[in-house]
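Throughout, a chain's letter reflects where its sequence line sits, starting with A, and its residues are numbered from 1.
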2 protein chains.
Amino acid sequence: MGSPLPRDPIADAQRNWERHGWGEVAAPMAAITAIMRTQQILLARIEGVLKPFGLTFARYELLALLSFARSGALPMNKASALLQVHPTSVTNAVDRLEKAALVVRSPHPTDGRTTLIELTAEGRTIAKRATTALNSEVFGQSGFGDDDVEHLIRVLGDFRKAAGDFTD
Amino acid sequence: MGSPLPRDPIADAQRNWERHGWGEVAAPMAAITAIMRTQQILLARIEGVLKPFGLTFARYELLALLSFARSGALPMNKASALLQVHPTSVTNAVDRLEKAALVVRSPHPTDGRTTLIELTAEGRTIAKRATTALNSEVFGQSGFGDDDVEHLIRVLGDFRKAAGDFTD
DNA sequence: TCCAAACCCTTGGATGTCCTAGTATATTGC
DNA sequence: GCAATATACTAGGACATCCAAGGGTTTGGA
């Protein structure tokens with residue numbers, strides 16, 4: 001999308017913050033901005049790997065979640081909670097996955113309000129293949145050192161917990 | 001959007017990865033997934049603070065960038081490069097900011113291809129107020145410890161550099 | 001000098017996310 | 001048992017991001 005900049009724009013922003021007398025929060029601002037940008041880079045990599053499978057990250061996450069469920073099926077609301085996205089986002093993802101025949105919707109046996117999302121055989125195959133690709137092309141070459149990975153898991157885990165993501 | 005889960009879904013995913021024989025990349029997978037989720041949480045906080053100003057994060061970033069430019073103006077392509085987003089995203093943001101009278105488009109004095117984005121007086125005021133709000137309500141209460149902030153800046157900075165964001 | 005290649009911005013389309021209803025089904029409480 | 005409340009999913013709308021294409025402007029090499 002663009003060639004490398006001569007200078008780190010986030011470091012520049014941090015300096016600007018300090019210069020304007022906001023030194024107190026300049027570092028957290030830089031850290032948060034860096035998280036936003038890193039997510040953008042990672043998402044682009046992931047989507048690039050998933051594209052050949054006709055998947056996006058949102059759809060992959062749902063597929064992967066289903067593949068780990070014992071029965072290969074989950075209620076929409078459960079998927080929404082576990083993926084931590086809005087219910088309408090799940091509806092959207094399921095619509096597209098269903099068109100691609102990777103999942104099917106089926107009524108819940110006892111609760112008429114609930115819809116189950118079920119992995120098809122092809123869905124399971126694609127999920128497996130996509131995971132293999134992501135493992136080798138993204139997670140296996142993250143560029144983060146082992147210590148940094150551990151640190152990120154701990155720091156961001158604490159953050160997510162404090163934000164109310166989970167109790168544990 | 002949902003009440004806290006009883007267990008950390010990312011830690012669960014990491015265990016699933018290990019259980020399926022992908023232990024080698026389970027930790028980086030967890031770290032990357034945590035970054036994605038953290039970004040989502042932070043973005044929601046930021047947008048919540050900006051909403052009263054009629055701004056989104058994308059528009060705020062552009063406004064802030066302009067406010068740090070000496071002349072209060074920048075070519076669209078420069079803004080695109082510095083914000084590291086696609087040119088069409090800048091077009092979109094400028095369209096909306098211009099409707100809100102926070103910026104104006106003006107022709108480049110010497111290059112007929114280029115359009116300058118210029119901050120209006122009101123744009124500068126809103127930028128300042130929004131920044132104050134973000135500083136006190138988000139950056140000042142990030143929840144990250146000082147050491148963790150420094151670590152994040154370093155680790156993510158190295159990552160962004162390796163990804164080709166900047167040379168420095 | 002002049003035309004092809006490079007560059008800049010915009011339009012149109014595909015996706016994803018969230019929010020705000022609206023419909024249907026369950027549960028609760030009186 | 002029935003009305004009121006709570007849940008589950010979906011439709012429609014607002015935004016953001018990217019990609020592919022198209023039209024206008026500059027630049028540079030023949």
Between B/E118 (side chain) and B/V103 (backbone), is there a donor-acceptor pair under 3.5 Å?
no
[X] has a side chain; which of [options] sits nearest to it?
{"X": "A/V85", "options": "D/dT10, C/dT17, C/dT10", "value": "C/dT17"}
{"X": "A/T56", "options": "C/dG16, D/dA11, D/dC15", "value": "C/dG16"}
{"X": "A/A58", "options": "C/dT17, D/dA16, C/dC9", "value": "C/dT17"}
{"X": "A/T114", "options": "D/dC9, C/dG16, C/dT10", "value": "D/dC9"}

I want to confirm an ordering. Mapping A/D111 and A/T88 to their closest nucleotides on DNA chain C, which one lands closer to the 5' end?
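With A/D111 and A/T88 compared, the 5'-side residue is A/T88.
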Could you say whether A/G112 or A/V90 is positioned toward the 5' end of DNA chain C, judged by the nucleotide with the nearest heavy atom to each?
A/V90
[atom1] of [X] versus [atom2] of [N]: gap in Å, rounded?
{"X": "B/H86", "N": "C/dG12", "atom1": "NE2", "atom2": "P", "answer": "16 Å"}
{"X": "A/Q39", "N": "D/dA16", "atom1": "CD", "atom2": "C1'", "answer": "12 Å"}
{"X": "B/Y60", "N": "D/dA16", "atom1": "OH", "atom2": "C1'", "answer": "18 Å"}
{"X": "B/L74", "N": "C/dC9", "atom1": "CG", "atom2": "P", "answer": "11 Å"}
{"X": "B/M36", "N": "D/dT17", "atom1": "CE", "atom2": "P", "answer": "15 Å"}
{"X": "B/L50", "N": "C/dC18", "atom1": "CG", "atom2": "P", "answer": "17 Å"}
{"X": "A/F53", "N": "C/dT15", "atom1": "CZ", "atom2": "P", "answer": "18 Å"}
{"X": "B/R96", "N": "D/dG13", "atom1": "CZ", "atom2": "C1'", "answer": "12 Å"}

Tell me yes or no: between the side chains of B/N135 and A/W17, is some donor less than 3.5 Å from an acceptor?
yes
When you measure from the side-chain N and O atoms of [X] to the phosphate of [N], is any distance below 4.0 Å, counting only OP1 and OP2?
{"X": "A/T91", "N": "D/dA11", "value": "no"}
{"X": "A/N77", "N": "D/dC9", "value": "yes"}
{"X": "A/R105", "N": "D/dC9", "value": "no"}
{"X": "A/Q40", "N": "D/dC18", "value": "yes"}

Which residue lies more 5' along DNA chain D, comparing A/R113 with A/D95 via nearest heavy atoms
A/R113
Any chance you could measure A/E24, atom CD, to A/E18, atom CD, to the nearest 0.5 Å?
11.0 Å
Could you tell me whether B/D168 and B/K161 make a salt bridge, using a distance below 4.0 angstrom between a side-chain N and a carboxylate O?
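B/K161 and B/D168: not salt-bridged.
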Are B/F68 and B/L83 grouped together when hydrophobic residues (ILVMFWY) are joined by side-chain heavy atoms under 4.5 angstrom apart?
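Same hydrophobic cluster.
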Could you tell me whether B/S80 contacts a base, only the sugar-phosphate backbone, or nothing, with contacts defined as non-hydrogen atoms closer than 4.0 Å?
nothing
